[in-house]
Amino acid sequence: MPAVPLPRHDLDVPASDVLPLAVGTFDGLGPLSRADFPHRHSFYELVHVTHGCGAHVIDLDAYPIRPPQFFVITPGQVHHWRDAHDLRGQLVLCTPDLLADNPTDRDALHRTGHRCWRPTDPAQAARIATLLAAMTDEYRRQQPGCRSVLRAYLHILLTELLRATPDSAPPDPVPHHPQARALAVARRFDELLAEPALLGEPAHSYARRIGVSVRHLNELVPRATGTTPARLIRQARVLEAKRLLTRTDLTVARIAARLGFTDPAYFCRFFRREVGQSPGEFRHRLHPGPDGTADPPESTTAPPTNTSTPDDDSPYRRDDRRSARPDRHRTPAPEENP
């Protein structure tokens, strides 16, 4: 169990305001690219695994390493590599700022997260490998115009990933489509739900941050997602509760406080209503591993070394303080909130 629950890593690259992105191999990006402890990011991480064994644990699913495969970890997700050996491949790290003016690709990044991807055939695997090699070369050379070139490569890469599953079609931008506003609000709402420190806040607080009224939030989000903001907030709080129950040794009372519940008993009733089990029953349902943490079952759809202090050249910056949600910043939600 980590001393500070679920540390958060930020992207630390030179001139990040100009090029908020890093591309490289596991070896080149440093030991935190192979972190074997549960953590989350403030950035996107796209991982192309070409060699190795073990498992990649993302939230509550463990994916066996069976190269070649591709993972997309979105901001706020909790992941780590478990029992991984000889892990090789390429990674692309980028902040949401890189695609601030390209909502289509930001939507694609969210759509490609939360699962393991495999090439449809050897030809697609070769295209992805070639594309990532070109991205790595462009990133290393840092020539004028590299930002636009890398964004174009990223767009092609996301298109290839969406083609890898029959139920995902590559996004085609439709300017001024009536649905565009709803999609933009829903995407921003989803990004805010990934911030653990905000999960104790009611819907009107999210609306204020997005810059819309609560009425518009309640109209636009269902139009884009098929469900209400209140339901999505409940789902996000449940997921974060599950992360903390399985990946930390926090007491139920402290988990309740982190999620904005002023009464632990009410949190327990909320959790049982949503999950069908009490927090304690859920925590002990999974068999504890050797280190006392509960290992999730391996996913049927789809590693590694001890992590030390990152090298000076590593693009990962570990910020434990930002994961802790200090008491003075907590805004507990009323018990009647979702």
Within the side chain of R140, is there an N or O that forms a donor-acceptor pair under 3.5 Å with the backbone of G24? no
Hey, does P20 have a side-chain heavy atom less than 4.5 Å from the side chain of C94? no
Would R269 and R272 count as a side-chain contact (heavy atoms from CB on, under 4.5 Å) if you check the C-alpha gap in whole Å, the side-chain angles of each, and the deciding distance to 0.1 Å? CA-CA 5 Å; R269 293 195 298 272; R272 182 181 287 277; 5.9 Å; no
L220, L183: one ILVMFWY side-chain cluster at the under-4.5 Å cut-off? no
Salt bridge or not between R82 and D36? Use side-chain N to carboxylate O under 4.0 Å. no
Taking only Lys NZ, Arg NE, NH1 and NH2, and the carboxylate oxygens of Asp or Glu, determine whether E274 and R231 approach each other closer than 4.0 Å. yes
Should the pair R34-D27 be classified as a salt bridge under the 4.0 Å nitrogen-to-oxygen rule? yes
If we only count heavy atoms from C-beta on, is the L98 to D105 side-chain gap below 4.5 Å? no
Quick one: does Q124's side chain have a donor or acceptor within less than 3.5 Å of a partner on D121's backbone? no
Can R88 and T25 be said to form a side-chain contact (heavy atoms from CB on, under 4.5 Å), step by step? CA-CA 7 Å; R88 301 181 214 164; T25 64; over 6 Å; no
State, yes or no, whether a side-chain contact exists between L91 and V23 at a heavy-atom distance under 4.5 Å. no
Just so I know, are the side chains of I233 and Y206 near enough to count as touching, which here means a heavy-atom distance under 4.5 Å? yes
Using distance alone, with no hydrogens and no angle criterion, decide if D86 and H51 have a side-chain donor and acceptor under 3.5 Å apart. yes
Quick one: does S205's side chain have a donor or acceptor within less than 3.5 Å of a partner on P202's backbone? no
Presence of salt bridge, R215 and E219, under 4.0 angstrom: yes
N-O pairing of R209 and E195 below 4.0 Å: no
Could you walk me through whether I128 and L132 pass side-chain contact (heavy atoms from CB on, under 4.5 Å), step by step? CA-CA 6 Å; I128 290 175; L132 284 165; 3.9 Å; yes
Taking the side chain as every heavy atom from C-beta outward, state whether F270 and F261 have any atom pair closer than 4.5 Å. yes
Against W81, only a single residue in Y63, F26, F37 fulfils ring pair (Phe, Tyr, Trp, His ring centres under 6.0 Å); can you say which? F26
Is there a side-chain contact between V275 and K242 in this structure, where contact means two heavy atoms from C-beta onward sitting under 4.5 Å apart? yes
Taking E240 as the fixed residue, which of L193, I255, L199 is the one that meets the side-chain contact (heavy atoms from CB on, under 4.5 Å) rule? L199
Ignoring hydrogens and angles, tell me if any N or O in the side chain of H155 forms a donor-acceptor pair with the backbone of R151 under 3.5 Å. no
Kindly say whether V92 contributes a backbone atom to a donor-acceptor pair with the side chain of Y139 at under 3.5 angstrom? no
Before giving the answer on side-chain contact (heavy atoms from CB on, under 4.5 Å), spell out for C116 and F70 the whole-Å C-alpha distance, their side-chain angles and the decisive distance to 0.1 Å. CA-CA 6 Å; C116 170; F70 215 103; over 6 Å; no
Give a yes or no on whether the ring-centroid distance for H56 and H80 is below 6.0 angstrom. no
Mind listing the closest non-hydrogen atom pair of M135 and L154 along with its distance? CE-N, 4.2 Å
Is the shortest side-chain heavy-atom distance between L6 and T248 below 4.5 Å? yes
Can a donor-acceptor pair be found, under 3.5 Å and without considering hydrogens, that links the side chain of E201 to the backbone of L198? no
May I ask you to test the R285-Q277 pair for a side-chain heavy-atom distance under 4.5 Å? yes
Any salt bridge between R188 and D190, counting N to O under 4.0 Å? no
With T251, which residues qualify under side-chain hydrogen bond (donor to acceptor under 3.5 Å, both in side chains), at least two apart? none
